[in-house]
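Reading through the structure tokens given below for one structure.
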Amino acid sequence: MSIEKTIEKEVKSFIEKEFGQTPADTQVQLQKTRKEFKGDVTLVVFPLVKLIRKSPEQAADIIGLHLKEKTAEVTGYNVVKGFLNLEISPNYWRQVLNILYGEKDAVVAPAADEMATMIEYSSPNTNKPLHLGHIRNNLLGHSVAKILQAAGNKVIKVNLVNDRGIHICKSMLAWEKWGQGETPESSGLKGDHLVGKYYVKFDQEYKKQIKERTEKGVPAKEAEKQAPLILEAQEMLRKWEAGDAEVNALWQKMNAWVYAGFEETYEKMGVGFDKIYYESETYKLGKSKVLEGIENKVLFRKEDGSVWADLKEEGLDQKLLLRADGTSVYMTQDIGTAIQRFEQYPVKELIYVVGNEQNYHFQVLSIIMKKLGYDFADNLHHLSYGMVELPEGKMKSREGTVVDADDLIEEMISTAREMSEEMGKLDEFEQMEKENIHRILGLGALKYFILKVDPRKNMTFDPKESIDFNGNTGPFIQYTTTRLKSVMRKAEEKNIEIPAEIPEAVVPNEKEIGVVKLLKDYRTIIAEAASERSPALIANYIYELAREFNQFYHDYSILHEESEEIRQFRLVLSKETLKTLTHGLDLLGIETPERM
RNA sequence: GGCUCCAUAGUUCAAGGGAUAGAAUAGCGGUUUCCUAAACCGUAGAUCCAGGUUCGAGUCCUGGUGGAGCUACCA
């Protein structure tokens with residue numbers, strides 16, 4: 001039993017016996033003792049003073065004295081205001097490390113639950129390359145999937161590629177008009193960037209046409225609708241929907257370019273999926289369910305034939321589900337895909353990793369699903385993450401301020417390369433090995449930078465200041481692991497064995513206890529990160545652990561320690577720390593190099 | 001206009017209603033005959049404003065100020 005549980009139990013039974021009052025769980029508040037005070041565990045006494053009817057100081061004193069007498073692990077206490085700081089014996093911490101060390105897996109045992117959690121992320125449009133916003137989405141989705149798995153869930157990762165619609169037709173049309181048969185091979189451009197180029201081209205030409213008309217006095221809205229380019233694009237979409245062979249062939253060709261490009265970026269980021277859905281295959285879903293909804297009178301039809309949900313009772317507006325011409329909208333498709341997924345898979349919940357700009361959409365989705373009578377509506381969760389903003393505000397493709405995913409990744413790797421070469425620690429390595437380490441470090445810095453921030457919050461990225469490699473960063477934690485790996489290598493070279501158990505005679509010092517205390521928390525942190533769906537909790541934890549270990553490492557030597565028993569203790573401590581840091585980094589999708 | 005979210009050192013981020021608000025970075029000053037100095041130590045620096053609830057408020061409530069998002073027969 002953990003020391004906190006033991007103390008909690010003892011405090012409760014003590015107060016019950018002595019004062020005839022049973023404290024509620026929320027009244028027994030235990031927390032870690034702050035660094036500036038003596039002690040390990042702190043009981044906040046304020047909530048208990050009403051039951052005990054003494055001053056906070058007196059109450060703390062009585063409880064402290066009792067715990068010291070009754071609980072073997074409590075070796076002393078002190079009272080500061082209403083805070084009872086309890087000192088726990090170093091032997092207890094040694095035992096904690098022994099237990100952690102004995103459990104070979106840092107991972108929580110897989111749950112027996114056969115029902116899976118499905119997590120949808122990435123979901124890109126195929127008309128332009130991925131940017132920094134997508135990076136946050138992908139890293140979050142991938143990391144949350146890993147964390148859920150580590151917490152004992154079955155996880156299915158899915159991607160829904162938005163491969164159809166008017167925006168795709170814009171790229172296709174521009175390529176036909178101005179592309180002169182350009183291909184990724186002929187231009188040397190990555191497929192998604194090539195298609196993106198024509199999407200931009202369309203927009204430019206379209207704007208010109210609008211301007212020509214507004215200058216002749218046509219109202220802006222009229223001009224937007226009249227411009228020949230947009231009419232052509234709309235015509236192309238109609239042909240696509242009618243299955244026109246020529247349009248379809250072009251669509252297939254250009255999408256294939258984009259997929260190849262995306263695949264490259266996904267691979268670089270280290271993210272992947274168990275199943276990829278294409279909107280061209282799912283966009284007709286949901287319509288029949290909506291029609292059923294009319295029969296069941298939960299939806300209604302307007303005079304023009306369009307179908308709506310009335311959400312006034314929920315404090316929202318009306319929401320369109322089928323256009324007057326009978327075609328579906330985004331919401332209709334999402335209704336269809338959700339139903340399909342719950343029917344096809346043994347899924348207990350569905351998590352959508354989508355930006356907070358779509359909060360309203362997902363709020364409405366849940367309400368409509370419920371209206372349609374699907375119980376799993378309560379198991380649809382929107383993992384709503386904040387925008388990545390530039391110092392001057394939102395990224396705008398029109399103003400060319402979009403931070404391209406591929407460019408950023410390359411920049412990170414080359415920064416790692418520059419720094420590494422300056423330090424010269426890898427000089428004797430082969431080129432291939434060096435490049436691999438630069439890649440691991442560059443991506444480590446990027447991933448940690450993104451994931452350490454609470455997903456729900458907006459974050460700022462300044463392209464002028466490169467992402468740090470020192471301090472609270474991925475490379476800092478990676479560096480700690482390479483030091484540890486180096487210690488392990490040297491131990492092996494010197495034939496120093498790492499024992500199966502720690503000798504009982506060892507009494508850990510303060511720095512060592514500091515590390516053990518953190519190691520003990522790891523499983524709890526995973527569970528919390530899973531329920532909060534927040535990789536930031538993992539990131540903050542491993543940073544703190546690395547920092548704590550570095551302090552110990554700086555002050556004490558491991559292999560050069562003279563006492564064999566203490567050396568063994570420190571080796572076990574190091575091995576456990578390495579295991580935990582590596583595992584935590586892996587949950588963030590970050591690799592650890594052997595050297596750096 | 002309506003709805004939602006946000007506001008913490010110069011900057012980027014932390015802080016389950018609890019102690020003297022933590023880090024990092026930038027600044028200043030130190031540490032290397034010893035397991036990797038991408039490290040370690042020291043120094044200085046912050047809760048948007050006004051009320052309220054509470055033994056205790058960055059955290060909860062009300063009002064204000066400033067910012068973001070949503071409010072499409074786009075996806």
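Both backbone and side-chain heavy atoms feed into the values below; hydrogens, waters and symmetry mates do not. Just so we're on the same page: letters track the sequence lines, and every chain starts at 1. Given the structure is predicted, the values throughout are model-derived calculations rather than measurements.
Annotation: cation-pi pair A:K319/A:W308 absent, no NZ/CZ under 6.0 Å from the ring centroid and within 45° of its normal.
Atom P of nucleotide B:G69 and atom CZ of A:F362 are separated by 19 Å, given to the nearest angstrom. Going from atom CD of A:E465 over to atom P of B:A26 covers 10 Å, rounded to whole Å. For the pair A:R136 CZ and B:C13 C1', the interatomic distance rounds to 11 Å; values are reported in whole Å. The distance between atom NZ of A:K35 and atom C1' of B:A15, rounded to the nearest whole Å, is 15 Å. One atom, CE of A:M387, and another, C1' of B:U4, lie 14 Å apart when rounded to the nearest Å. The CZ-P distance, from A:R53 to B:C55, rounds to 17 Å in whole Å. Whole-Å rounding puts the A:D555 CG to B:C34 P distance at 17 Å.
Nucleic acid contact for A:S557: base, since at least one base atom lies under 4.0 Å from a heavy atom of the residue. A:L160 comes within 4.0 angstrom of no nucleic acid atom, judged by non-hydrogen atoms across all strands. Using a 4.0 Å heavy-atom criterion, one finds that A:F476 contacts the sugar-phosphate atoms exclusively. A:L441 comes within 4.0 angstrom of a nucleotide base, judged by non-hydrogen atoms across all strands.
Evaluation of the salt bridge (Lys or Arg N to Asp or Glu O under 4.0 Å) test over residues 479-488 of chain A, restricted to residues two or more places apart or in two chains, returns A:K485-A:E594. Under the salt bridge (Lys or Arg N to Asp or Glu O under 4.0 Å) criterion, the residue pairs touching residues 528-554 of chain A are A:K35-A:E548, A:E349-A:R533, A:R456-A:E532, with sequence neighbours excluded. The salt bridge (Lys or Arg N to Asp or Glu O under 4.0 Å) analysis of residues 305-314 of chain A, with sequence neighbours excluded, yields the pairs A:E314-A:K371.
To the nearest whole angstrom, the two C1' atoms, one in B:A9 and one in B:C28, are 16 Å apart.
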Close N/O contacts between protein and nucleotides 70-75 of chain B (under 3.5 Å):
unit_1 : atom_1 : unit_2 : atom_2 : d
B:C73  : O3'    : A:R323 : NE     : 3.4
B:C73  : N4     : A:D304 : OD2    : 2.5
B:C74  : OP2    : A:R323 : NE     : 3.2
B:C74  : OP2    : A:R323 : NH2    : 2.9
B:A75  : OP1    : A:R323 : NH2    : 3.0
B:A75  : OP2    : A:Y330 : N      : 3.3
B:A75  : O3'    : A:E279 : OE1    : 2.7
B:A75  : O3'    : A:E279 : OE2    : 2.5
B:A75  : O2'    : A:N162 : ND2    : 2.2

Tabulate protein N/O versus nucleotide N/O from nucleotides 18-23 of chain B, keeping only pairs under 3.5 Å, one per line.
unit_1 : atom_1 : unit_2 : atom_2 : d
B:G18  : N7     : A:Q29  : OE1    : 3.2
B:A19  : OP2    : A:R34  : NH1    : 2.8
B:A19  : N6     : A:T42  : OG1    : 3.0
B:A19  : N6     : A:N85  : OD1    : 3.4
B:A19  : N1     : A:N85  : OD1    : 3.1
B:U20  : OP1    : A:K81  : NZ     : 2.5
B:A23  : O2'    : A:Y543 : OH     : 2.9

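The side chain to side chain contact (heavy atoms under 4.5 Å, CB included) search around A:R34 returns A:E36, A:F37, not counting sequence neighbours. With sequence neighbours excluded, the residues forming a salt bridge (Lys or Arg N to Asp or Glu O under 4.0 Å) with A:K38 are A:E87, listed by chain and number. Judged as a side chain to side chain contact (heavy atoms under 4.5 Å, CB included), and not counting sequence neighbours, the contacts of A:Y277 are A:M118, A:V158, A:L160, A:K275, A:T282, A:Q340, A:R341, A:Q344, A:Y345. Residues satisfying the salt bridge (Lys or Arg N to Asp or Glu O under 4.0 Å) criterion with A:K50, sequence neighbours excluded, are absent altogether.
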Would you write the dot-bracket representation of RNA chain B, where each base gets (, ), [, ], | or . depending on whether it forms a Watson-Crick or G-U pair under 3.5 Å and with which partner? (((((((..((((....[...)))).(((((.......)))))....(((((..]....))))))))))))....
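Within the structure, a side-chain polar atom (N or O) of A:N550 is placed less than 4.0 Å from OP1 or OP2 of B:C40. Contact annotation: A:K452 does not reach the phosphate of B:U12 (side-chain N/O to OP1 or OP2, under 4.0 Å). Within the structure, every side-chain polar atom (N or O) of A:R456 is placed at least 4.0 Å from both OP1 and OP2 of B:C6.
You'll find that the side chain of A:Q551 is closest to B:C40, out of B:U12, B:C40, B:A14. Proximity note for A:R483 (side chain, C-beta onward) versus B:A68, B:A39, B:C13: the nearest is B:A39.
For the contact set between residues 558-576 of chain A and RNA chain B, defined by any heavy atom under 4.0 Å, the members are A:I558, A:L559, A:H560.
A salt bridge links A:K517 with A:D40: the distance from a Lys NZ or Arg NE/NH1/NH2 to an Asp or Glu carboxylate oxygen falls below 4.0 Å.
In this pair, A:Y543 and A:F476 present their aromatic rings tilted. The plane angle is within the 30 to 60° band. Ring planes of A:Y259 and A:Y278: tilted class, angle from 30 to 60°. Between A:H361 and A:Y330, the ring planes lie parallel to each other; the angle is under 30°, not in the 30° to 60° tilted range.
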For residues 385-392 of chain A, please give each side-chain donor-acceptor pair under 3.5 Å, one per line with the distance, not counting sequence neighbours.
unit_1 : atom_1 : unit_2 : atom_2 : d
A:Y385 : OH     : A:N137 : ND2    : 3.1
A:E389 : OE2    : A:N458 : ND2    : 3.4

Carefully, step by step, assess A:E591 and A:K447 under the rule salt bridge (Lys or Arg N to Asp or Glu O under 4.0 Å). CA-CA 10 Å; A:E591 298 172 72; A:K447 291 180 181 183; 5.8 Å; no
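No option in A:D468, A:N472, A:T473 other than A:N472 meets the side-chain hydrogen bond (donor to acceptor under 3.5 Å, both in side chains) test with A:Y448.
Position along RNA chain B of the nearest nucleotide to A:K490 versus A:E389 favours A:K490 as the more 5'-ward residue.
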